[in-house]
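Pasting a structure below so you can have a look.
None of the values given here were measured: they were computed from a predicted structure. Both counts, for ligands and for their atoms, begin at 1 and track the order of listing. Heavy-atom basis, side chains included; hydrogens, waters and symmetry copies ignored. Just so you know, residue 1 is the first one in the sequence shown, and it goes up from there.
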Amino acid sequence: MTFETHGKHLIAGKWVSSDATFPSQPAYGPGRQFFVGTVALVDQACRAAEDAFWSYGYTTAEARALFLNTIADEIEARGDAITEIGSQETGLPAARLQGERGRTTGQLRLFAEHVLKGDYLDRRHDPALPDRVPLPRPDLKIVQRPIGPVAVFGASNFPLAFSTAGGDTAAALAAGCPVVVKGHSAHPGTGELVSEAIHAAIRTCGLHPGVFSNIQGGRRDVGTALVQHPLINAVGFTGSLGGGRVLFDLCASRPNPIPFFGELGSVNPMFLLQSALARRGRAIGEGWAASLSMGAGQFCTNPGISVVIDGPEADAFSATASEALGKVGEQTMLTDGIAEAYRAGRDRVAAGSGVQAVLTSMCESRNATPYLYSVSGSDWLADDVLGEEVFGPLGLIVRVANAEEMIRVAQGLQGQLTCTLHLEEADMPLAGRLMPVLERKAGRVLVNGFPTGVEVCDAIVHGGPYPASTNFGATSVGTLSIRRFLRPVCYQNMPEALLPGGC
Ligand code: NAP
């Protein structure tokens, strides 16, 4: 099947062009031209979103659930074309994109169920106490209200689940907030097709067309204008620490600062405690290699660091991991820029004091194979660079001298999306000492597993202290993520007729 893109922006129900185009950079297949986004289009989309909010923000839960389910249907109806163009643009295999499509439609449907249940509104009521002395109490009700138009930036490594109709968009639409998406330049055609699906759902459901717009990028001032637009109330961002920090700072320096929910990078360290290492070192080494190299290591939950206590078991673990990683063939990285950043990250790690190469490999143009390095705990503790994310299949084994140094390494970590403990019963005393440290560092702490693969459900947290995210009180995955786009309003002595739905 060959899918033809038209390259236009979707602005409040209309497909519009602009003066210039930029080419897509597919891993294979035809290069396509897309119209470059402009600041004027950003303004148009934001004004339309504000207009739409006056109706969409007051829709019933049933209407929004129908809309979310219809978007999922429309995405499924375009499933093959989405897989084809997504695979060409990102180099990700078709099976991976089919799975990601299922996750994307699954989370839209999950949010539909969630809004219908209604508990996300967290209603509270303190009835009036007119006879209370010395002062009577008024009648007080709280309900969560949608915040208004939201900007969304997707990431290159999840062209569906963290992009145009991904988790941020689903959560914002579920809350009752119109969305303006800044399309990712690494997958503009995929973004166009998914926007068509949302456009179709808006028409089927008879909603205001300003509920959703998609502005292609092609230049950086599109994103900077979007986060600074006075009608935008919050930003959902998934992407790099560098890009996220620029946009976060812009949000904070606005005349009216707004929250920037940036889901950024993480090294997701694993701590291999001694009995687990001795009993299951081989299986953990093989599992680590698979998790580390999955999708060319381009997962925000990629476990880039394994911390082990030095000794023969650590030697055996290192040899197993190296052997398993050595069998991983060449994989295509998402973009030329990401491959370039991977090479730069590898060079930074390799140049670290005391860092030894266990498995050297290759990264030519857009193709890469895994690297494995090792370093002592004391050298790791002395060099902050060794704790930074390298986006790609690169592993670092930190060989600590003893349990005390393992705890110091845990204390020396930056904020993380995940931290993992591999343990046996005999490891519980050390695990008990590590836990208070790790739960302050990460949004999710795992035992005897690997962090890649994030369940979309009620009890998940995908976030964490900076730099894992810019807002440690939030998650970007799961139903709790809707809270980012709501704010509590208190209604005091309010007549029933003036209360919003849901109170
Ligand atoms: P990225 O390069 O930061 O791009 C994300 C978006 O931000 C793109 O739309 C990009 O525009 C825009 N952008 C970046 N820098 C900007 C700037 N200075 N000014 C204006 N706009 C800017 O990130 P990526 O390469 O797509 O994603 C890979 C990263 O995402 C990795 O670090 C990974 O760990 C992280 N990630 C995190 C999560 C999570 O949930 N925590 C999930 C997936 C990925 P252009 O289109 O112009 O490039």
Side-chain angles (χ1 to χ4, degrees), residues 22 24-25 34 36-37 39 42 89-90 100 103 151-164 166-168 171 180-188 190-191 214-228 235-251 260-268 295-304 333-342 345 388-392 394 415-418 442-444 451-454 456 460-472 474-478 481:
F22 69 94
S24 65
Q25 297 190 331
F34 292 85
V36 171
V39 173
V42 168
E89 290 188 329
T90 62
E100 197 180 317
R103 175 179 164 152
V152 169
F153 291 70
S156 56
N157 60 335
F158 280 94
L160 301 172
F162 283 90
S163 195
T164 319
D168 288 344
V180 180
V181 167
K182 146 69 180 65
H184 201 297
S185 49
H187 51 260
T190 314
N214 180 56
I215 308 169
Q216 299 288 8
R219 39 191 276 190
R220 285 280 155 96
D221 64 355
V222 177
T224 54
L226 181 57
V227 302
Q228 293 180 99
V235 180
F237 174 96
T238 309
S240 65
L241 175 58
R245 184 66 203 229
V246 167
L247 298 174
F248 171 75
D249 288 343
L250 284 175
C251 286
F260 178 86
F261 297 101
E263 296 301 328
L264 311 174
S266 189
V267 283
N268 306 295
Q298 300 166 117
F299 284 105
C300 47
T301 48
N302 180 19
M333 301 201 79
L334 291 156
T335 64
D336 293 342
I338 284 178
E340 189 64 50
Y342 178 57
E388 292 171 3
E389 177 190 52
V390 177
F391 195 60
L394 183 146
Q416 303 290 332
L417 292 168
T418 72
R444 178 163 60 108
T452 35
V454 181
V456 182
I460 194 76
V461 171
H462 191 61
Y466 187 85
S469 85
T470 54
N471 190 314
F472 53 67
T475 172
S476 70
V477 175
S481 68

Checklist entry - Can you list the atoms of ligand 1 that are under 4.0 Å from a heavy atom of Phe391? => result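 What qualifies from ligand 1 is 28 (C), 31 (C), 33 (C), 34 (O).
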Next on the checklist: Could you report the tightest heavy-atom contact between Phe391 and Phe299, atom names first, then the distance?
Outcome noted: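 Distance-wise, the nearest heavy atoms are CE1-N, 3.8 Å.
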Checklist entry - Which residue and non-hydrogen atom of the protein lie closest to atom 15 (N) of ligand 1, and at what distance in Å? => result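 Protein heavy atom at minimum distance: Gly243 CA, 3.2 Å.
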Checklist entry - Based purely on interatomic distance, does Gly239 place a nitrogen or oxygen under 3.5 Å from a nitrogen or oxygen of ligand 1? => result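 Between Gly239 and ligand 1 (N or O atoms, distance only) the closest approach is under 3.5 Å.
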Checklist entry - By number and element, which atoms of ligand 1 are closer than 4.0 Å to a non-hydrogen atom of Gly265? => result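 This gives 34 (O) as the contact atoms.
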Checklist entry - Do any N or O atoms from the side chain of Gln228 and from the backbone of Leu250 form a donor-acceptor pair under 3.5 angstrom? => result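 Here the side-chain-to-backbone pair does not exist.
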Item to check | Partners meeting salt bridge (charged side-chain N to carboxylate O under 4.0 Å, His left out) with Arg220 (sequence neighbours left out) | outcome: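 Scan of Arg220 (salt bridge (charged side-chain N to carboxylate O under 4.0 Å, His left out), adjacent residues dropped) gives none.
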Checklist entry - How does His462 reach ligand 1, if at all, at less than 4.0 Å between non-hydrogen atoms: by side chain, backbone, both, or neither? => result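 Side chain only.
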Checklist entry - Just by modelled atom types, is the Gly464 backbone N or O under 3.5 Å from a matching donor or acceptor in the Ser469 side chain? => result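 Indeed, once roles are kept as given, a pair shorter than 3.5 Å links the two residues.
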Next on the checklist: Just to confirm my output: which protein heavy-atom neighbour is closest to atom 23 (O) of ligand 1, and how far is it?
Outcome noted: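 Answer for atom 23 (O) of ligand 1: Ser240 N, 3.1 Å.
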Checklist entry - Among protein heavy atoms, which sits nearest to atom 48 (O) of ligand 1, and what does the distance come to when rounded to 0.1 Å? => result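 Answer for atom 48 (O) of ligand 1: Arg220 NH2, 2.9 Å.
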Checklist entry - How long is the gap from CZ on Phe162 to CG on Asp168, to the nearest 0.5 Å? => result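 So the gap between those two atoms works out to 8.0 Å.
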Item to check | Ligand-residue contact atoms, ligand 1 with Ala155, heavy atoms, under 4.0 Å | outcome: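 Reading through ligand 1 atom by atom, the close ones are 26 (O), 27 (O), 44 (C).
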Checklist entry - Counting only heavy atoms, which portion of Leu247 has something under 4.0 Å from ligand 1: side chain, backbone, both, or neither? => result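 Side chain only.
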Checklist entry - Hey, is the main chain of Asn157 close enough, under 3.5 Å, to the side chain of Gln298 for a donor-acceptor pair? => result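 No; zero donor-acceptor contacts below 3.5 Å.
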Checklist entry - What's the shortest distance from atom 11 (O) of ligand 1 to any protein heavy atom, and which residue and atom give it? => result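 For this ligand atom, the closest protein heavy atom is Lys182 NZ, 3.2 Å.
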Next on the checklist: Quick check: closest heavy atoms across Gly218 and Phe22, and the distance to 0.1 Å?
Outcome noted: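 Heavy atoms of Gly218 and Phe22 come nearest at CA-CD2, 3.6 Å.
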Checklist entry - If you measure from each heavy atom of Gly217 to ligand 1, is any distance below 4.0 Å? => result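 False for this residue.
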Checklist entry - Just by distance, with hydrogens left out, do Asn268 and Thr418 show a side-chain donor and acceptor under 3.5 Å apart? => result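 A donor-acceptor contact under 3.5 Å links the two side chains.
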Item to check | atom 41 (N) of ligand 1: nearest protein contact (heavy atom, Å) | outcome: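 Atom 41 (N) of ligand 1 sits closest to the protein heavy atom Leu264 O, 2.8 Å.
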Checklist entry - With no hydrogens and no angle check, do the side chains of His184 and Ser163 hold a donor and an acceptor under 3.5 Å apart? => result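 Looking only at side-chain atoms, Ser163 and His184 do not form any donor-acceptor pair under 3.5 Å.
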Checklist entry - Looking at atom 25 (O) of ligand 1, what's its closest protein heavy atom, distance included? => result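 Ranking protein heavy atoms by distance from atom 25 (O) of ligand 1, first comes Ser156 OG, 3.2 Å.
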Checklist entry - In terms of atom number and element, which parts of ligand 1 are under 4.0 angstrom from non-hydrogen atoms of Leu417? => result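 Under 4.0 Å from Leu417, ligand 1 has these atoms: 41 (N).
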Next on the checklist: Could you measure the distance from the NE2 atom of His187 to the OG atom of Ser24? Nearest 0.5 Å is fine.
Outcome noted: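 Atom-to-atom, His187:NE2 and Ser24:OG are 12.0 Å apart.
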Item to check | Atom indices of ligand 1 within 4.0 angstrom of Ser185 heavy atoms, with elements | outcome: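 In order of numbering, the contacting atoms are 45 (P), 46 (O), 47 (O), 48 (O).
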Checklist entry - So is Phe299 in contact with ligand 1, going by heavy-atom distances below 4.0 Å? => result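 Contact absent.
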Checklist entry - For ligand 1, which atoms have a heavy atom of Glu389 less than 4.0 angstrom away? => result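 Counting from 1, the qualifying ligand atoms are 31 (C), 32 (O), 33 (C), 34 (O).
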Next on the checklist: If we count only N and O atoms by modelled type, under 3.5 Å, do the side chains of Gln416 and Ser266 hold a donor and an acceptor together?
Outcome noted: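 Yes, side-chain donor-acceptor contact under 3.5 Å.
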Checklist entry - Tell me, do His462 and Cys300 make a side-chain contact under 4.5 Å, heavy atoms counted? => result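 They are in side-chain contact.
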Item to check | contact_flag Gly154 ligand 1 heavy-atom lt 4.0 Å | outcome: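 For ligand 1, residue contact (heavy atoms, under 4.0 Å) with Gly154 is present.
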Next on the checklist: Once ring-ring contact (aromatic ring centres under 6.0 Å, His included) is applied, do any residues pair with Phe153, and if so which ones, sequence neighbours excluded?
Outcome noted: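 Here the qualifying residues are Phe237.
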Next on the checklist: One residue to check: Leu334. Relative to ligand 1, which of side chain, backbone, both or neither has a non-hydrogen atom less than 4.0 Å away?
Outcome noted: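 Neither part.
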Next on the checklist: Quick check on contacts: which atoms of ligand 1 are under 4.0 angstrom from a heavy atom of Asn157?
Outcome noted: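 Those of ligand 1 that fall under 4.0 Å from Asn157 are 43 (C), 44 (C).
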Next on the checklist: As an exercise, identify every atom of ligand 1 less than 4.0 angstrom from a heavy atom of His184.
Outcome noted: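 By the 4.0 Å cutoff, the relevant atoms are 4 (O), 5 (C), 8 (C), 9 (O), 24 (P), 26 (O), 46 (O).
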